[in-house]
Amino acid sequence: MSAPTLELRDLSVAYRVRGIDRQVLRGVSLAIQPGEAYGLVGESGCGKSTAAYAAMRYLPRNGAITGGSILFEGRDISAVPEAEIRELRRAAISMVYQNPIAALNPTIRVGEQVAESFALLGNGRSESRRLAVEALRRVQIADPSKVMDRYPHQLSGGMAQRVVIAMALASSPRLLVLDEPTTGLDATVEAEVLDLLRSLIAESNTSILFISHNLGVIRAMCNRVGVLYAGALVEEGATATIIQRPSHPYTVGLMRCIPRGGLDKYDSHLDTIPGTPPPLGTPLPGCVFVNRCAIARESCATAPTPVTDLGNGHTTRCPYHAEAASMPRVVASEPVTASDEHRAERGRDLVTVAHLSKTFAQGDGDVRVLSDVTLSLRHGETLGLVGESGSGKTTLAKTLLGIHPPDDGSILAIDGKALGSTIDDRTAHEVASIQIVFQNPDSALNRRHSVTRIVARAVQKLAGATPQASEERAQSLLDSMSVDPVLHSARPGQLSGGLKQRVAIARAFAGSPRVVVCDEPTSALDVSVQANILNLLADLQARENVSYIFISHDLGVVRYLSDRIAVMYLGRIMEIGPAQDVFDGPHHPYTEALVSSIPDVDGETRVRVRLGGEVPSPAAPPTGCVLHPRCPRRIGSGVEDLCTSTEPPLREIGPGHAIRCHLDVGQLGSASRAATA
Amino acid sequence: MSAERDLRAVARAERDRIRSERLRQLRRNPAFVVGAVILGIWVVCALIGEFVVPHEPALVDILSTNKGPSSEHWFGTDVVGRDVFSRVIVGARPVLVMAFLATVIGTVLGTVIGLVAGYFKGWADVIIMRILDAISALPVLVIALLALAAVGGSSQPVTILIIGFVFTPIIARTVRAAVLPEAELDYVAAARLRTERAPHILAVEILPNVLPPIIVEFTVRLGYAVFAIATLGFLGVGVQLGSPNWGSQVAENYGRIFADNWWSTTFPAGAIATLAIAINLVADGIVESFEQ
Amino acid sequence: MGAYILRRVGLALVTVFLVTTAIFFMTHILPGNAAERILGNLAERENVLLLEKQLGLDKPVLVQYTSWLGDAVRGDFGESIQHRVPVEKLLVPSVGYSLRLALVAFLLTIPISIIGGIVAGVFRGRWIDRAITVGGLSAAVVPEFVWAVLLVLVLGVNLHWLPTNAFPGTDASVPEIVHHLLLPSVALILVLFGYISRIARAGVVEAIESDYVRTAFLKGLSRPAAIRRHVLRNALLPTIAVTASMVPYLVGGLVAVEIIFNYPGFGGLLLKAVQYRDYPMLQSAVLIISVVIVGVQLVADILFAVLNPRIRQKVSQ
């Protein structure tokens, strides 16, 4: 057998931070065979990106290889001179990055940058340009010569990533390293980029190292996967095996955190992994996972755990792997149930939004970001708000909160009483009754104020309490969010992401709100922390009978928490209905495309429904149905002309289930049913 | 729970270490140490200089003009026989006091204007920025000259006010630039969502977060205030006539530089240079410790 | 793009207008007046009033302002109170001399500062970086006249390397003129170098740490090639704007340096005009200074927009 394309042998990497070497990779060994796609998963800070860059032998200024070796096609490249590494990067190893627009030089035309990759292989100037056009065509860019003349900021994220891929493939590399290549892209764009990568890989013998935090993406792309935790590879094996029969307590915990298989908040709490990962560079003589492990023995903390081979290339670092699959749950499975009194209120409308539009003045023209949105939010329910960037979901939430006023003629009401258009027009009680949990707790919490102060001030202003009473109430609120009292005097910067988000939730609940907008509250968090937050939100809802507007791009999370779901596109509600119906279909063509684009952890193969082209600018929305230029179901529907000329109304197709589409129900598809069929 | 307690311990240890490391780093930064020592010496001179100088700084002695450095006159004597050493020592006070007060005035005004312009944006911002642009279209020195001419006096309080005034737009611009992204952060929206008024948001929420650039700007401006005051003194405006001002000392004795008397120009010039550089080195050290 | 340039020119005119207006009112509204100043504190009241009438100072400020503005637009800057000759007769040649000095200083400063900044940025954290940044900024905070004194003493009086008189006469040749301007220019350069090189350095460091330069390295470009092709252009764009914003400092420095070197530029004229409250002279000098400064910044703004594709696209929409 020939040598693996890439092999890491007992590789250790350290970063020097404030004069101390901190271990980022701890003796990682893995091998990628020619033509193999190898996935590396793990949560933030586990060292997966470091591993990716180590494969390119590119480390930050303060990083150094402290042990082991990196072998490319059998040759140790961990210490060869810079000129030889450059030769490898030029001709044999390429990389695709997480943030494609930033990865392109903002002042140089795209074509020139792609051509540079070919010029580096010894091609002449005009030949390089010709090859660049060719390369852009290969990554399915429709009008390559036009894109050649653009600057990076004129490209969408998906388009920029295609350009980066074209550059990476210029040399027909033997190894392609992909570092979270679709993170930050919208779901449908992500699906297209993954499709493209799959087809390009299939036609070559390139080996792949694919870094991702998303197991669904890894499942879609890789034959084999390694699980990284605190810089150590804890488990490795065939992707399907690892997902179906994980044999390390960390992997088991990870799989239990992910809301999947149509699970919702009434079924069960999500399980979590207790504690937090060790800080960067903590000395760990034994198993790296020991202090969070439910089945750890005393010896695990002191003695290194050897690799156990489970056959078929499946290895684990846990000596007690037999118990891993059946290890006890951390969180009780039964969710909190609402009181009868609260349940009696369910189904009644709390908030009504009617004909809500929002126009922003932008330069010379106006941009209508929300167009005639009508919906209601009921007592104690979660309304999931789904849609890709530019759909207007955050604007809808902010308008509801009164952060900016809606256009004239819009109607907002709570409990049947009209709401003022901005915060200044609302009573303190009204302001307190609609609150928000922001996406990014680092932005949402004042980093100069203590945790208690942040929450107490909210209590004081929203509940009208005295400063002293506010402080006491803040303490008890924080207690009920499981924020340890010793942390109450801390500043946000000293807390982990999950704890910060708990503080933010405590603040939102300071004035006993009726509605809490959750704007992507877990998207900045790792899955194990996300599970904790989702459990907390579900419990709070059951106890307080609060209603949520839950915005998320993660459909699994939306499905777990939502009673009803609204799907938005270009400022319009395209579909709204009970969560189950929206997911199962028949649904709006846009919903269908969205649902079918999600890479599923359980590997269910769905029929991919593609949207053509790119999202149009909200400044110039298409005529008729705004989806019509991209709609996969319009052609052959018999109502093509209607779609291009008339905007369809929201039309009820089932109890409480409405879609904005001209097509008959019989002509609509169902992403989920296609899977089972 | 115990895991979170661990976390807290780690967090606190981390914070303490960063803080003590920041201090240690400052102490290990040779440029900062040199700057701090020189600045310290000048501050001492400003405080007690007039009580310890060997000669009366203003005493004119026509019998011993243009005498070179000696054990009697360490820095020699100037064109009218005054002791250069004594004049340099007592010259520290006016420049330090004026520079400090002028910078405080400029920083306070600039911070208020910058906060308002950066937070409210819209018309307030447009008008403020246009006026600031206009002020910045002239050299600081020229504005100071014109203002002093217009006011007609050369009193120190007027000079302090004028330098504070010309610093205001510069500091306002820095503060505004820091406030703009800060005001977009969600904690500001969160404050509005608990019915906080604008003054509270500006003073309690945003101000603490933009303090680092303000502190940096203050130290940098302090150095430039020394620069401006010395130059005005040299040009013969903005300082009391006959006061032991370093800039005036250079101006009074500069004519002798080609003849025989290098000391009565060089020592006050050196005093200006060392003070300005010392403040700059301290500022540089502070900037670097914030960047960590 | 055309609309953008027009808008920028409009804004620049507004700024110049605001400046001159502010200066006019500042010098006229405040207590004390030129006639008193010229005649001295002990002058007879009627003499003062007579002189005021001659100079037009007895009319309401607004009338004085509009007539001054009207004349200025027509190119008539009035007569110097102090010298009793048309202002432009004195101002035009001296501004010419000042421009000469400023040009020599600026043309030397820009390449030296940018190269210094690039070297510091590329060798970030090494001793040469510390030397350039700490040394450059330390030099920048020392006033020009202090540098001038020290330079004259060391390079001129002691070492005889450079001539200490800046003005070789009206019929000197160009190399001679430049040679004599070197010493005052060095005093100005020492102050400007620190600021400009710091910005160039910051641009280089930011670019080197950027994702797109990482892409360049991982494409297989060598370090020098990556710096040449991907760092410099992005790094130097912001330097244009900052260099233009240094022009006011340069002008301020000119005043002090010209006086030290007894150079016949506008600095001495301005200082005398301030001391004698020679309003027509003051206002005209300020007008010229602000036109020069705003003009340079205008050119820099437009240049920045032309060279930066992101801005270029924004402004042409």
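Residue numbers begin at 1 in each chain, while the letters A, B, ... track the order of the sequences.
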Can you pull out the residues in residues 127-137 of chain C with any heavy atom less than 4.5 Å from chain B?
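Listed by number: C:R130, C:V134, C:L137.
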Of all the residues in residues 294-301 of chain C, which have a heavy atom that comes within less than 4.5 Å of a heavy atom in chain B?
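Residues C:V294 are the ones that qualify, each having a heavy atom under 4.5 Å from chain B.
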Find the one option among B:T265, B:N280, B:L281, B:L141 whose heavy-atom pairs under 4.5 Å with chain C are most numerous.
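Ranked by heavy-atom pairs under 4.5 Å with chain C, first place is B:N280.
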Top contributor to chain C contacts, counting heavy-atom pairs under 4.5 Å, from B:I279, B:V220, B:T231
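Highest number of pairs under 4.5 Å: B:T231.
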Could you give the distance from [atom1] ([X]) to [atom2] ([Y]), rounded to the nearest 0.5 Å?
| X | Y | atom1 | atom2 | result |
| --- | --- | --- | --- | --- |
| C:I259 | B:L235 | CD1 | CG | 5.0 Å |
| C:L153 | B:W263 | CG | CH2 | 11.0 Å |
| C:R198 | B:D284 | CZ | CG | 9.0 Å |

Which heavy atom in C:V142 sits nearest to a heavy atom in B:F227, and how many Å separate them?
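Closest heavy-atom pair between C:V142 and B:F227: O-CE1, 3.5 Å.
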Could you pull out the closest heavy-atom pair between B:I277 and C:S138, with the gap in Å?
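Heavy-atom minimum between the residues: CG1-O, 3.5 Å.
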What are the residues of residues 267-275 of chain B, in order of number, with any heavy atom under 4.5 angstrom from a heavy atom of chain C?
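Under the 4.5 Å heavy-atom cut-off, B:A269, B:I272, B:A273 qualify.
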Could you give the side-chain donor-acceptor pairs of residues 245-258 of chain C under 3.5 Å, partners two or more places apart or in another chain?
from, atom 1, to, atom 2, distance (Å)
C:S245, OG, C:V242, O, 2.7
C:E258, OE1, C:F266, N, 3.3
C:E258, OE1, C:G267, N, 2.7
C:E258, OE2, C:S98, OG, 2.6

Of the backbone (N, CA, C, O) and the side chain (C-beta and beyond), which part of C:A140 lies under 4.5 Å from a heavy atom of chain B, both, or neither?
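Only the backbone of C:A140 comes within 4.5 Å of chain B.
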Would you mind checking which part of C:V286 comes under 4.5 Å of any heavy atom in chain B, side chain (CB onward), backbone (N, CA, C, O), both or neither?
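C:V286 touches chain B through backbone and side-chain heavy atoms alike.
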More than 12 heavy atoms of other groups within 6.0 Å of B:F100 CZ:
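Not more than 12 within 6.0 Å, no.
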Decide if atom CZ of C:F123 counts as having more than 12 heavy atoms of other residues, nucleotides or ligands within a radius under 6.0 Å.
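Not more than 12 within 6.0 Å, no.
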Could you tell me which of C:L282, C:V292, C:L271 has the largest number of non-hydrogen atom pairs under 4.5 Å with chain B?
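The answer is C:L271.
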Looking at C:A273, C:P143, C:A139, which makes the most heavy-atom pairs under 4.5 Å with chain B?
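Sorted descending by pairs with chain B, the first entry is C:P143.
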Please flag which part of B:V250 lies under 4.5 Å from any non-hydrogen atom of chain C: side chain, backbone, both or neither.
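For B:V250, the contact with chain C is made by the side chain alone.
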Considering only heavy atoms, which portion of B:N29 lies under 4.5 Å from any heavy atom of chain C: side chain, backbone, both, or neither?
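Side chain only.
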Donor-acceptor pair, side chain of B:Y254 and main chain of C:I260, under 3.5 angstrom
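Checked: pair present.
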